[in-house]
**Q** 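The structure under discussion is supplied below as structure tokens; questions concerning it will follow.
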Amino acid sequence: MLERRPISAGALEFLVEVQSAALPGVYGALLASGLHLTRDSHHALAERCNCDLYLRPRRDTPSYRLLNLEVHFLPEPPASMDLQDLLPLDGLLN
């Protein structure tokens, strides 16, 4: 980890350096930890993993990748919340 900084009360930004060969493992670990990635993040990480796996690197290509991760934390919902609190379904859930 090269840098970690708060960007708001509910978000952190991480700058991480990863060996190219370890990127698929890092991607898997992010998913296994329960983080929900955006569609663009999934696409970018999958594309980078595939490129590193199937394309031979040029001599001037670095063997490390920089990942800029922005993590947003969701506030916890109230303990008593249920479906009727979220949706106006009066009379439909009887």
**Q** Calculate, to the nearest 0.5 Å, the distance between atoms CG and CG belonging to Asp40 and Leu45 respectively.
**A** 11.0 Å
**Q** Rounded to the nearest 0.5 Å, how far apart are CG of Leu2 and CG of Leu15?
**A** 5.0 Å
**Q** Rounded to the nearest 0.5 Å, how far apart are CD of Glu3 and CG of Asn68?
**A** 8.5 Å
**Q** Taking a hydrophobic cluster as the set of Ile, Leu, Val, Met, Phe, Trp and Tyr residues connected by side-chain heavy atoms closer than 4.5 Å, whether directly or through intermediates, do Tyr64 and Val16 fall within one such cluster?
**A** no
**Q** Kindly check if the number of other-residue, nucleotide or ligand heavy atoms within 6.0 Å of NE2 (His36) is above 12?
**A** no
**Q** At their closest point, which heavy atom of Leu37 faces which heavy atom of Ser41, and how far apart are they?
**A** CB-CB, 4.0 Å
**Q** Applying the 4.5 Å side-chain criterion to the ILVMFWY set and letting contacts propagate, would Leu12 and Val26 be lumped into a single cluster?
**A** yes
**Q** Tell me if the NE2 atom of His43 is crowded by more than 12 foreign heavy atoms within 6.0 Å.
**A** no
**Q** Does Leu67 reach the side chain of Phe14, with side-chain heavy atoms less than 4.5 Å apart?
**A** no
**Q** Let me check something: do Ile7 and Leu66 share a hydrophobic cluster, defined by ILVMFWY side-chain heavy atoms less than 4.5 Å apart, either directly or through other members?
**A** no
**Q** Do the side chains of Leu31 and Leu23 join up, straight or via other hydrophobic residues, at under 4.5 Å, putting them in one cluster?
**A** yes
